[in-house]
Amino acid sequence: MKNAQINSEEIIYQVYPKSFLDTNHDGIGDLNGVIQRLDYIKELGVTAIWLNPIFDSPHVDNGYDISDYYTVDPQYGDMSLVATLIDEAHKRGLKILFDLVLNHTSSKHYWFQEALKGPDNPYRDYYIWKEEEEKEKLPNNWKSFFGGSVWEKESETGDYYFHLFDKEMPDLNWQNEAVRKEMIKVAKFWLDKGIDGYRLDAFIHMEKAAGYPDARYADPGKLASAEEFFANLPQVDDYLREFSACIRETYPNAYLLGEAASAVPERALNYTFPKGEACDSIVSFKYFPMDEKKKDHRFPLESQEGKLDITAFKKVMDEWQRKVGEVSEMTLYLNNHDMQRAVSRLGDPMKFREESAKTLAVGMYLQRGVPVMLNGEEIGMKNLVLKRWENTRIECIHEVYATLLDRGISKEEARNYLSSISINASRGAMQWTDERFGGFSTVEPWSGVNQERMYNVAVQEMDASSILTFYKRLIQVKKTPLFTHGTYEMLVSKSPIMSYRRVYENKQAFVLSNLSDETQESEIDLPLFSDQDAVLIVGKYSYGEGTIRLSPYASLVIKTTL
Ligand code: GLC
Ligand code: CA
């Protein structure tokens, strides 16, 4: 079968190490914590772990600002713990993927410190510089992802250096062959230590448009996003393929999961096809079209996304499945550390937390592709409710809070809103128990934690109807050939029920998920089935005369023989 060669059978579990488990009582998760929970991860049924960066870093951006690619951040552990982690993971049949930041380093990195010494320094050309042409005039109007200009004036020479993210994260110059070689060296270093692959951070930005032309749709004198000039340029493909080829020469099976936030299906295909020449799979942030009409008008509109546009979402999934899933390998995900928690963002964390957590997972993960799950989603973790105001990346947070209270909004609602727009929304400490600090630590976690009686591992492990128990069953179902290698067909309907059919050899499955908070009906011809054919059920369903009826956020998965 054609698809059999395409899809690997990985199920990736993303561990945000800083928030996973703290074992030395400093409020920060650590490698020892990951090691201690390997059995837990194994029991979920996943096959691989992706760890966010664990290298030396001043933590301007939680480790994505790397000051030494060859050293483990002492707050996480040391080299011998990495060795233990790899070893113990492998003993359990789990792969380890590290997170490799290709686009930039920390300003504290040796290369940048050298580069600062002046234009003659050999490392100067590792970064992107522009001379000041007119006094106090920025080289162009591009806005950085973290606010302000992408250009920062360096005091010695008065030249500007380029940074797409924080000013402490200067972009590397990938046109420089020496940079490309250094990154391959880094990648091989950890592969030599035994890891199984990488998540490639923000690689789509490795090339910027020649001459740095001004963003076109900017108000005069204002900065604007210029994605078209610094994301997914054709040259990125070449860098990626060169990188991949050099690595796969020695490590043909290394798994490469690319982060390509703004990639559309056509781009994603370039990055994943043919298999073995670039990434295995990529994460695009374009899976979840939001309905802007559904914003809450009591809160500032510009910072809100609205609610999931279910009709558009079904179309988007169908398109990705046809253009990418059928040809190369697609990533399936609901959460990551840069987004809100899926139950809060796409589901209903108040009225239907259990049902929406389960049904979102059914709808997403039983499609064709490789699941990537963020730690905590398996127990239905919602957005972290902020208790501290610092490091949220929200401008004037105190003022915003005060204004909301003045408008008569309750403290709880104001906090929930601020939580949803905070950079740490999904980075709350893992909820292991209902103890103080969620069993994550004996001291206050760096991020804060939601202490919840029902939403923690200990309680859910004992409960046959919990989200956790459900996730384990779902993962087992996902691992059968029907769901890893079967064909995919979206069953088109106007209803907010997402329905698709998978076929493999003489087996077929129908997956039906009501993504809305109301009972819904859909006209779909299902084969004759009995209750035994239902491999997964969430909520309530009824079927008769070609119409399926599902309660709010209910799901039904049936499997029959053809
Ligand atoms: C990626 C990471 C994000 C980080 C950025 C800069 O998008 O996922 O957390 O801030 O790259 O490295
Ligand atoms: Ca710790």
Side-chain angles (χ1 to χ4, degrees), residues 12 14-37 50-55 57-67 69 72-78 81 85 97-107 109 144-147 150 162-172 183 198-206 227 230-232 257-263 282-286 331 333 335-340 372 374 391-393 422-427 429-430 432 437-447 449:
I12 301 172
Q14 176 188 359
V15 169
Y16 196 73
K18 208 168 173 175
S19 303
F20 197 57
L21 181 67
D22 170 29
T23 59
N24 65 344
H25 321 290
D26 60 359
I28 298 170
D30 40 55
L31 284 179
N32 206 24
V34 185
I35 295 168
Q36 285 188 17
R37 288 294 186 266
W50 147 33
L51 276 182
N52 293 83
I54 51 159
F55 315 107
S57 162
H59 279 256
V60 168
D61 187 23
N62 282 315
Y64 281 96
D65 48 323
I66 298 174
S67 51
Y69 287 79
V72 179
D73 186 332
Q75 76 180 14
Y76 292 136
D78 58 20
L81 277 174
L85 172 69
L97 311 180
F98 275 2
D99 204 322
L100 189 58
V101 183
L102 298 170
N103 179 68
H104 45 266
T105 68
S106 158
S107 58
H109 194 288
S144 132
F145 285 127
F146 291 2
V150 297
F162 186 97
H163 63 91
L164 264 187
F165 296 89
D166 194 272
K167 69 175 175 9
E168 304 301 336
M169 298 156 78
D171 281 43
L172 286 163
M183 281 312 188
Y198 285 104
R199 180 253 190 190
L200 302 179
D201 181 71
F203 77 89
I204 59 171
H205 304 300
M206 293 188 294
E227 286 259 338
F230 58 64
N232 301 303
L257 172 67
E259 184 210 24
S262 57
I282 63 113
V283 175
S284 161
F285 284 30
K286 299 228 177 238
T331 305
Y333 77 100
N335 290 276
N336 64 47
H337 63 288
D338 292 324
M339 291 177 177
Q340 292 187 50
V372 183
L374 172 62
N391 302 327
T392 53
R393 241 183 255 150
S422 151
I423 185 70
N424 288 335
S426 61
R427 302 176 185 177
M430 180 73 178
W432 295 105
F437 309 130
F440 162 80
S441 177
T442 52
V443 303
E444 177 86 38
W446 73 277
S447 58
V449 59

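When a ligand or atom number is given, it counts from 1 through the structure's own listing order.
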*Asks:* Which atoms of ligand 1 have any heavy atom of Phe146 under 4.0 Å away?
*Replies:*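 Close to Phe146: 10 (O).
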*Asks:* Taking the six-membered ring for Trp and the single ring otherwise, decide whether the centroids of Phe165 and Phe145 are under 6.0 Å apart.
*Replies:* yes
*Asks:* Return yes or no for this condition: an N or O of Arg393 is under 3.5 Å from an N or O of ligand 1.
*Replies:* no
*Asks:* For Glu259, take its heavy atoms, then give the atoms of ligand 1 lying under 4.0 Å from any of them.
*Replies:* 1 (C), 7 (O), 8 (O)
*Asks:* So Arg199 and Val283, do their side chains get closer than 4.5 Å, heavy atoms only?
*Replies:* no
*Asks:* Considering only heavy atoms of His104, which atoms of ligand 1 have at least one such atom less than 4.0 Å away?
*Replies:* 6 (C), 12 (O)
*Asks:* Where the Ca ion (ligand 2) is the corner point, what angle links OD1 of Asp26 with OD1 of Asp22, to 10°?
*Replies:*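 Computed angle, vertex at the Ca ion (ligand 2), rounded to 10 degrees: 80°.
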*Asks:* Give a yes or no answer on whether the side chain of Thr105 reaches the backbone of Ile66 with a donor-acceptor pair at less than 3.5 Å.
*Replies:*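 Flag not set: sc Thr105 to bb Ile66 has no pair under 3.5 Å.
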*Asks:* From Phe285 CZ over to Tyr333 OH, what is the distance, rounded to the nearest 0.5 angstrom?
*Replies:* 5.5 Å
*Asks:* Suppose you place the vertex at the Ca ion (ligand 2); what is the angle out to Asp30 OD2 and Asn24 OD1, to 10°?
*Replies:*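 Centred on the Ca ion (ligand 2), the OD2/OD1 angle is 90° (to 10°).
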*Asks:* Measure centre to centre between the rings of Phe146 and His163, then say whether the value is under 6.0 Å.
*Replies:*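 For Phe146 and His163, the ring centres are not under 6.0 Å apart.
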*Asks:* Report yes or no: does Ile28 have an N/O/S atom closer than 3.0 Å to the Ca ion (ligand 2)?
*Replies:*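 Looking at Ile28, which is the residue asked about, there is an N, O or S atom under 3.0 Å from the Ca ion (ligand 2).
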*Asks:* Are the side chain of Ser57 and the backbone of Asp65 linked by a donor-acceptor contact shorter than 3.5 Å?
*Replies:*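 Yes, because the side chain of Ser57 sits within donor-acceptor range (under 3.5 Å) of the backbone of Asp65.
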*Asks:* Does the side chain of Asp73 pick up a donor-acceptor pair with the side chain of His59 at under 3.5 Å?
*Replies:* yes
*Asks:* Go through ligand 1 atom by atom and flag the ones less than 4.0 Å from a non-hydrogen atom of Arg199.
*Replies:*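 In order of number, 8 (O).
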*Asks:* Below 6.0 angstrom between ring centroids: does that apply to Trp432 and Phe437?
*Replies:* no
*Asks:* Which atoms of ligand 1 are found less than 4.0 Å from any heavy atom of Arg427?
*Replies:*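 Selected atoms, number and element: 9 (O).
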*Asks:* Could you identify the single nearest non-hydrogen protein atom to atom 2 (C) of ligand 1 and state the distance to 0.1 Å?
*Replies:* Asp201 OD1, 3.1 Å
*Asks:* Tell me, which protein residue and heavy-atom name are nearest atom 9 (O) of ligand 1, and how many Å apart are they?
*Replies:*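 It is Asp338 OD1, 2.7 Å.
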*Asks:* Among all protein non-hydrogen atoms, which one is nearest to atom 5 (C) of ligand 1, and what is the separation to 0.1 Å?
*Replies:* Phe165 CE2, 3.6 Å
*Asks:* Could you check atom 10 (O) of ligand 1 against the protein and tell me its nearest heavy-atom contact, residue, atom and distance included?
*Replies:*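 Checking every protein heavy atom, the shortest distance to atom 10 (O) of ligand 1 gives Asp61 OD2, 2.5 Å.
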*Asks:* Are the side chains of Leu102 and Met206 in contact, using a 4.5 Å heavy-atom criterion?
*Replies:* yes
*Asks:* For ligand 1, is there an atom lying under 4.0 Å from some heavy atom of Phe145?
*Replies:*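 No, that is not the case, since the closest heavy atom of the residue is not under 4.0 Å from the ligand.
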